[in-house]
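Report on one structure; see the data block that follows.
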Amino acid sequence: MPRDRLLEQVAGKVGAVTLLTDKVNDEFLDAAGDQLVIVANYAVGFDNIDVPALTRRGVLASNTPDVLTETTADLAWSLLMAASRRIAEGDRFLRAGTPWIWGPMMMLGQDVHHKTLGIVGFGRIGQALARRARGFGMRVLFFDAYPPPEHIATELGAERTENLDELLEQADFVSLHTNLSEETRHLINAERLHRMKDTAVLVNTSRGPVVDEAALADALRDGEIFAAGLDVFEKEPEVHPELLALGNVVVIPHLGSATVDTRIAMGMLAAENLIAALEGRRPPTLVNPEVWERSQGS
Ligand code: DGY
């Protein structure tokens with residue numbers, strides 16, 4: 001919905017289901033009015049919502065975790081495979097009608113099996129990716145400023161690195177699963193790309209601004225890393241023109257959770273959150289539960 005229409009439509013409403021493309025900020029809250037009870041985001045990420053502003057005004061905010069974990073991990077895995085084995089490039093090559101004959105040096109990629117996967121952000125989706133990597137006999141490293149309990153890493157056979165640079169230097173594949181915050185904006189910048197192996201593949205299914213796209217384009221062009229698979233972009237829906245010009249990057253339009261089952265599950269969970277709040281029940285997946293506790297006098 002265009003912004004002006006959204007602001008007009010939300011006026012006087014008690015609840016709103018928002019998309020990751022809707023900025024929920026003071027302007028939105030002013031337009032809605034004081035009767036607004038809940039903003040139910042149709043996404044697990046909620047960087048589009050100014051949560052402190054909602055909390056200050058006593059408005060509940062919810063997201064859609066869990067229901068998209070496996071689907072998003074599948075997509076990250078697909079990008080990892082596609083970028084390392086040059087799937088999209090091969091497809092474009094054939095469609096262009098390029099003359100070819102099988103040859104030993106043709107379109108060589110990087111092996112995935114038995115290599116080292118580095119997972120940045122070891123929450124639900126990062127852990128789901130680690131489970132997939134086990135089937136490929138990979139060594140799994142992870143970095144997370146707020147790591148999960150130790151037994152989770154042990155069960156997944158994943159090793160925690162003390163810092164991000166250590167992970168970047170050792171990993172053959174780096175997959176990003178952090179949320180977007182001021183701390184993670186441009187987490188992957190020119191200096192960090194430089195630390196990666198020149199055979200490495202970067203996958204991003206988190207949020208575009210976690211990667212400095214101009215620096216990534218330079219690194220891919222100059223052979224500082226081998227390839228990248230990107231589902232999200234810094235200035236979405238725009239894609240950096242230099243990335244589009246490169247053969248060693250697979251780009252897809254933010255499809256992480258885009259399966260029929262998962263999108264239905266996300267819709268159901270967003271609706272469940274909305275209806276619970278309006279019926280005076282605790283919404284199942286709140287991102288600011290303190291607002292609920294406050295409203296219950298605890
Ligand atoms: C999310 O949920 O945050 C994804 O980016 C879209 O499903």
Side-chain angles (χ1 to χ4, degrees), residues 1 6 15-25 28 38-51 54 60-80 82-83 119-129 132 144 146 148 174-188 202-211 213 216 228-240 243 250-274 283-289:
M1 198 181 278
L6 178 68
V17 174
T18 52
L19 303 184
L20 57 87
T21 46
D22 298 323
K23 251 202 157 11
V24 181
N25 52 11
F28 177 98
I38 182 165
V39 172
N41 212 35
Y42 178 82
V44 66
F46 49 87
D47 46 283
N48 59 310
I49 297 182
D50 181 349
V51 178
L54 270 74
L60 297 166
S62 63
N63 66 342
T64 59
D66 301 315
V67 293
L68 48 66
T69 298
E70 301 297 331
T71 299
T72 307
D74 280 350
L75 196 278
W77 195 261
S78 313
L79 281 175
L80 185 153
I119 300 177
V120 180
F122 206 53
R124 288 173 287 251
I125 301 172
Q127 291 167 28
L129 196 74
R132 282 151 181 76
D144 197 316
Y146 308 95
V174 175
S175 191
L176 306 177
H177 301 282
T178 61
N179 56 3
L180 174 63
S181 66
E182 277 324 301
E183 289 80 57
T184 60
R185 190 175 295 276
H186 281 195
L187 186 71
I188 303 299
L202 177 73
V203 173
N204 190 11
T205 54
S206 63
R207 285 292 183 263
V210 174
V211 176
E213 259 176 24
L216 175 62
L230 306 174
D231 183 40
V232 288
F233 303 93
E234 205 175 331
K235 295 192 180 128
E236 223 168 286
E238 261 173 61
V239 181
H240 197 294
L243 288 176
V250 180
V251 285
I252 52 172
H254 205 146
L255 299 178
S257 62
T259 66
V260 175
D261 290 346
T262 293
R263 287 291 163 83
I264 290 173
M266 288 166 67
M268 293 303 282
L269 183 51
E272 219 174 298
N273 277 301
L274 182 87
T285 53
L286 286 174
V287 299
N288 58 356

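For reference, positions follow the sequence shown, starting with 1. Counting starts at 1 for both ligands and their atoms, in listed order. The structure presented is a predicted model; accordingly, all values stated were derived computationally and were not measured.
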Between Tyr42 and Arg263 (side chain of the first, backbone of the second, donor and acceptor by atom type, cut-off under 3.5 Å), is there such a pair? yes

Among residues at least two apart in sequence or on other chains, which ones pass salt bridge (charged side-chain N to carboxylate O under 4.0 Å, His left out) with Asp47? Arg207

Atom-level proximity to ligand 1, residues with heavy atom under 4.0 Å: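 Protein residues near ligand 1 are Leu20, Ala43, Val44, Gly45, Leu68, Arg207, His254, Ser257, Met266.
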
Salt bridge (charged side-chain N to carboxylate O under 4.0 Å, His left out): pairs with one or both residues in residues 60-75, sequence neighbours excluded: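 Output for this query lists Asp66-Arg124, Glu70-Arg131, Glu70-Arg132, Asp74-Arg132.
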
Listed partners of Phe122 passing ring pair (Phe, Tyr, Trp, His ring centres under 6.0 Å), at least two apart: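 By the ring pair (Phe, Tyr, Trp, His ring centres under 6.0 Å) rule, Phe122 matches Phe142.
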
For Asn48, the option from Thr21, Asn41, Asn25 that meets side chain to side chain donor-acceptor pair (under 3.5 Å):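 That would be Asn41.
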
Is it the case that Glu234 and His186 place a side-chain donor and acceptor less than 3.5 Å from each other? yes

